[in-house]
Each structure stands twice: as C-alpha cells, then as structure tokens.
Amino acid sequence: MSLLSLKNVSQQFVDNQGRLVHALKDINLDVNPGELVAIIGPSGCGKTTMLRIISGLAKPKTGRVVLKDHEVTKPGVHIGYVFQHGSLFPWETIKQNIGSGLKAVHGNDYDRSLVDKYLQLMGLSRFANAYPHQISGGMAQRAALARSIIMKPELLLLDEPMGALDAFTRADIQGVIYRIWHKSKMTMILVTHDINEAVYLSSRIVIMTPRPGRIKDVIQNNLKFPRDRNSDAFFKMSRQVRNELKF
Ligand SMILES: Nc1ncnc2c1ncn2[C@@H]1O[C@H](COP(=O)(O)OP(=O)(O)OP(=O)(O)O)[C@@H](O)[C@H]1O
C-alpha cells in the first residue's frame, strides 16, 4: 500500500497581469514506503507548488493528498521539509537549530543527546556553537537536513536542497542524503533540476512539463546502489531522462 497518494490534484494562480496560471493539472501520484522519488522538470512546471500542497502548506484548488489514510490539510511533524537555502534560524546556533523541532514538540526538556548524535552524524560537532552565517553553505544544508531528520518524519520533502551549492559540495550532500536514505529507509521526495542528481539518488523519476504543470512520465530507476556515475547504465538512464525532458 502506498504511503502517499495525490489524487487529481490541481492548482491555479492568477498572475500579476490577471491571467490564470495552471500551476498543476490533474496530478495523480502514489509514493511507496521507503522510496526516494525525484521530481524533475523545467522552471515553472509546478514542482514547488506540488511539494507545498503535499506538506499541507498550501491547499489545492481541486483534489486531495492522503498520507497513510489521512488527508493532509495542514503542516505537521509527519512531513519534513528542507528548502533550497536551508532556512536555518539565524539567531540560533547550529545545535539549537537542529534541536528546534524537538523543542517545539517536547518543550525545554528535549533530548539533547539526540542532537549531539545528529551533530556527529552530519560531521558538525565542531560547529555546534557556531551561528548559520559562520558556516559554509554545505554545512548549513547538513544542519537543515539534520533538523528535519531528527524528527523522524514519515515523509521528507527536499526542495532543491543542493540547488545553491557548488559541484563538489553538491556531490557531498548527495552522498549524505543517500546514506541517510539507505540506512533509515525514510520515504523521500526530491525536487531537482539536475538529471545526474535524480539518476544518482532516486528509485523513480517523475518527469514534469509546464503550462499546465503535468506529469509527463514516471521512469523506474532500477540501477544498483551504490550508483556509479561513470557506468554505461548510468549514462543510459541519464539519456532517457534527458530525452523525455527534450534538452
Ligand atoms: N503564489 C503564486 N502566485 C501566482 N503564481 C504562482 C504562485 N506560486 C507559483 N506560481 C506560478 O505557478 C507556476 C509553477 O510555479 P512553481 O514555483 O511551483 O514551479 P517550479 O517548477 O517549482 O519552478 P522552479 O523550478 O523555477 O522553482 C509558475 O508559473 C509560477 O509563476
């Protein structure tokens, strides 16, 4: 049985010239427990709109989102969300940022040893007392991931978490995501513009097209883990995705 279902989800906006924008049209998608689904498509095809609806941050114009038999109507601890720029609280240290979700749920008595464990897991122990502006973009994304994962959400939404990083840091964070996913089997949805990233991390790749935002195809990605970016099979899968995206 699927963990998450999107049933006939559509979303519309009115742009600043008064025109109707069909950001999403008739989206149907099932995500199974333990899957890492990548969503890829050109700018404006509705990827972020879809994640916002899945998370409960936005309501669809029509259709519904069901997580484990419950309709999602508002944000909650079952669904984690990591944004492109991490969105750490600038006034909190890295340690406080990572513990902020625990504190919100459990109050001041939250388990600080758990925070230490995640600091260690992410290689951030040395920066526990630093503030977000004092660490690199890659470290900030590690902290943002830790802040979400520590809550053990049923579903983790990743909205281009590597989009603002250089190629080396990007590959490093992809490795972090792979290891977390592989170890925890947490269900994840990753929005990305990057074919290589989608092929490296995902078990399925959802191809989207814009105006209106629709699912064009869903590609099963059965390459063996850990994946070798230089293998013929990796190139072949990347080519298939590129052909579907027509660029
Ligand atoms: N609040 C809003 N008001 C008006 N139009 C919006 C709003 N949010 C999104 N849109 C429009 O809906 C469409 C889909 O936007 P969305 O941000 O979901 O696309 P995207 O695929 O995530 O794009 P990108 O890859 O550039 O982040 C775009 O045409 C966008 O301009």
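Remember, it's 1-based here, ligands and their atoms both numbered in the order they're listed.
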With no hydrogens and no angle check, do the side chains of Thr49 and Gln11 hold a donor and an acceptor under 3.5 Å apart? no
Residues Arg142 and Asp172 bridged, charged N to O under 4.0 Å: yes
For atom CD of Gln120, is the number of surrounding heavy atoms from other residues, nucleotides or ligands below 6.0 Å larger than 12? no
Taking atom NZ of Lys61 and atom NZ of Lys25, what is their separation to the nearest 0.5 Å? 12.0 Å
Has Arg229 got more than 12 heavy atoms of other residues, nucleotides or ligands less than 6.0 Å from its CZ? yes
So, Gln174 and Arg227: side-chain donor and acceptor under 3.5 Å apart, yes or no? no
Does ligand 1 have any N/O pairs with the protein under 3.5 Å, and how far apart?
| unit_1 | atom_1 | unit_2 | atom_2 | d |
| --- | --- | --- | --- | --- |
| ligand 1 | 18 (O) | Thr49 | N | 2.9 |
| ligand 1 | 18 (O) | Thr49 | OG1 | 2.5 |
| ligand 1 | 19 (O) | Gly46 | N | 3.3 |
| ligand 1 | 21 (O) | Gly44 | N | 3.4 |
| ligand 1 | 21 (O) | Cys45 | N | 3.1 |
| ligand 1 | 21 (O) | Gly46 | N | 3.0 |
| ligand 1 | 21 (O) | Lys47 | N | 3.1 |
| ligand 1 | 21 (O) | Lys47 | NZ | 2.9 |
| ligand 1 | 22 (O) | Thr48 | N | 2.9 |
| ligand 1 | 22 (O) | Thr48 | OG1 | 3.0 |
| ligand 1 | 23 (O) | Gly44 | N | 2.9 |
| ligand 1 | 25 (O) | Lys47 | NZ | 2.8 |
| ligand 1 | 25 (O) | His193 | NE2 | 2.9 |
| ligand 1 | 26 (O) | Ser43 | OG | 2.5 |

